[in-house]
A.B. asks: 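Here you go, one structure.
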Amino acid sequence: MRKILCLVLVLMLMVSAFGCAETVEPEPEEPEAPEAPVEEPEPEPEAEPERIVIKFAAQADSTPATQAVIDAFNASQDKYTVEWLDMTNDSGAMREQLVTSLKAGSADYDVLSLDVVWAGEFAASGYIEPIDQYMKDAGLKISDFNSGSMASGSYNAKQYVLPFFPDLGLLYFRKDIVSEEDAQKLESGEYTFAELQAMAETYKGQGGTEAGFVYQSALYEGLICNANEFTANFTDVSGGLAAMKAMTDSDATPEDILNYQEGDTHNSFAQGKSVFARNWPYQWGVIKSEGAITTDQVSVAPLPNGGSVGGWLLAMNKNSANKEGAWAFMQFLATAEGQKIMSTKGGYLPGFNACLQDADVVASNELLSMEGFQNALTSTIARPVSDTYAALSDALQQDIHKFLSGSQDLETTAANVEATIKAG
Ligand code: GLC
């Protein structure tokens with residue numbers, strides 16, 4: 001029934017000018033009758049009009065999606081060229097790089113990619129331009145986009161961002177290794193981290209794998225996303241951290257799990273080296289574009305206490321010298337055409353709601369209709385909210401990493417973590 005409804009919606013979208021549907025080619029013109037040759041001087045070759053360069057500061061993408069969307073924008077018009085300033089994948093380090101530039105009033109970047117956890121701070125600091133008027137002129141409404149993403153870039157009743165891609169933490173697992181019974185349990189979300197650890201220990205080594213479970217436990221922002229999940233949104237700090245430490249010390253995880261970021265995780269899983277991996281939707285795109293395994297061997301599930309909400313947003317530098325061009329690119333990337341490319345080429349969850357029903361998106365991003373993914377969507381959890389999020393996160397990272405590496409006890413760590421969250 002859901003499929004039929006989707007199909008109806010898709011058909012409606014295809015006839016509407018706002019869907020992701022292709023535009024209709026104009027009728028070819030009648031060929032002109034050949035004219036008698038006239039002696040004319042050779043015309044000067046027309047110089048390509050100078051294009052205005054729009055600089056896009058965005059993190060490296062392990063899938064082909066970001067490059068494909070930039071190429072599509074550049075091919076769509078002849079006024080602007082987007083140049084991608086490829087930045088670090090470490091959210092905290094990227095924030096610092098951007099703050100240094102924006103604080104100095106620089107116009108080095110026109111369009112910025114911002115993590116949902118610190119976008120509000122950028123708006124409050126006056127680094128980015130409100131986009132309400134641009135949206136209005138383009139006929140776009142807040143409700144056209146992923147609501148959580150839009151909310152994280154709204155400040156003092158003004159809107160500052162459009163979604164680049166919304167994220168949520170997922171458990172990926174090898175369905176060709178895990179039993180049918182365990183797969184069902186995982187997809188329902190009715191399991192604990194202790195059970196996941198036991199499964200990871202059991203299946204490790206099967207099907208050529210070397211690790212049971214991989215996730216993000218290095219000293220950086222990803223650690224907070226994972227700790228948020230282990231501690232059920234910091235409601236069970238002691239129990240959650242104890243479970244995380246047990247996982248760290250167990251045979252389920254690689255020796256160097258405390259250095260793992262997203263890249264280490266997707267390399268391990270997509271190369272067929274691990275049975276379970278915690279990562280974001282883009283990992284689907286990595287498996288498809290460069291995996292040693294195929295997506296037929298993979299399923300996804302909600303994490304035991306829900307997956308952290310993440311994602312990246314597009315904003316305009318307040319000091320950009322090319323605001324019209326910056327907006328043109330933001331609009332392209334965040335609406336039907338751009339989001340369709342992000343989802344079909346990179347596995348990303350579309351931030352433009354109409355794309356969720358687009359036939360091509362649904363057909364080529366299998367992740368979106370999987371049961372485990374649908375269940376994961378209903379149980380997401382946010383990270384702690386703070387005006388000074390970067391400082392809060394840094395303090396939590398230090399304490400948690402110290403504990404996981406064995407240089408601080410559980411009691412002290414839990415007390416510090418609770419006090420840091422309370423202080424905001
Ligand atoms: C992903 C998420 C982002 C998070 C980061 C942590 O990029 O989208 O919100 O902060 O991972 O590594």
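Counting starts at 1 for both ligands and their atoms, in listed order.
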A.B. asks: Which of these, Phe276, Tyr260, Phe230, sits in a ring-ring contact (aromatic ring centres under 6.0 Å, His included) with Tyr215?
C.D. replies: Phe230
A.B. asks: So, Asp144 and Lys141, do they make that salt bridge, N to O below 4.0 Å?
C.D. replies: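 Salt bridge between Asp144 and Lys141, a charged N being under 4.0 Å from a carboxylate O: yes.
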A.B. asks: Provide the full list of salt bridge (Lys or Arg N to Asp or Glu O under 4.0 Å) pairs with a residue in residues 58-85, sequence neighbours left out, each pair given once.
C.D. replies: none
A.B. asks: What pairs of residues pass the side-chain hydrogen bond (donor to acceptor under 3.5 Å, both in side chains) test when at least one of them lies in residues 229-243, not counting sequence neighbours?
C.D. replies: Asn228-Asn233, Glu229-Arg278, Glu229-Ser308
A.B. asks: Is there any salt bridge (Lys or Arg N to Asp or Glu O under 4.0 Å) pair reaching into residues 208-228, and which pairs are they, with sequence neighbours excluded?
C.D. replies: Glu221-Arg383
A.B. asks: If the test is ring-ring contact (aromatic ring centres under 6.0 Å, His included), which one of Phe145, Phe56, Trp312, Tyr348 qualifies with Phe164?
C.D. replies: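 The option that passes is Phe56.
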A.B. asks: List below, pair by pair, the N or O atoms of ligand 1 and of the protein that are less than 3.5 Å apart, including the distance to 0.1 Å; reply 'none' if no pair qualifies.
C.D. replies:
from	atom 1	to	atom 2	distance (Å)
ligand 1	7 (O)	Trp312	NE1	2.8
ligand 1	8 (O)	Asp167	OD2	2.5
ligand 1	8 (O)	Gly311	N	2.8
ligand 1	8 (O)	Trp312	NE1	3.2
ligand 1	9 (O)	Asp115	OD1	2.7
ligand 1	9 (O)	Asp115	OD2	3.4
ligand 1	9 (O)	Gly311	N	3.1
ligand 1	9 (O)	Arg383	NH2	2.8
ligand 1	10 (O)	Asp115	OD2	2.5
ligand 1	10 (O)	Arg383	NH1	2.8
ligand 1	11 (O)	Glu262	OE2	3.3
ligand 1	11 (O)	Trp280	NE1	3.2
ligand 1	12 (O)	Glu262	OE2	2.7

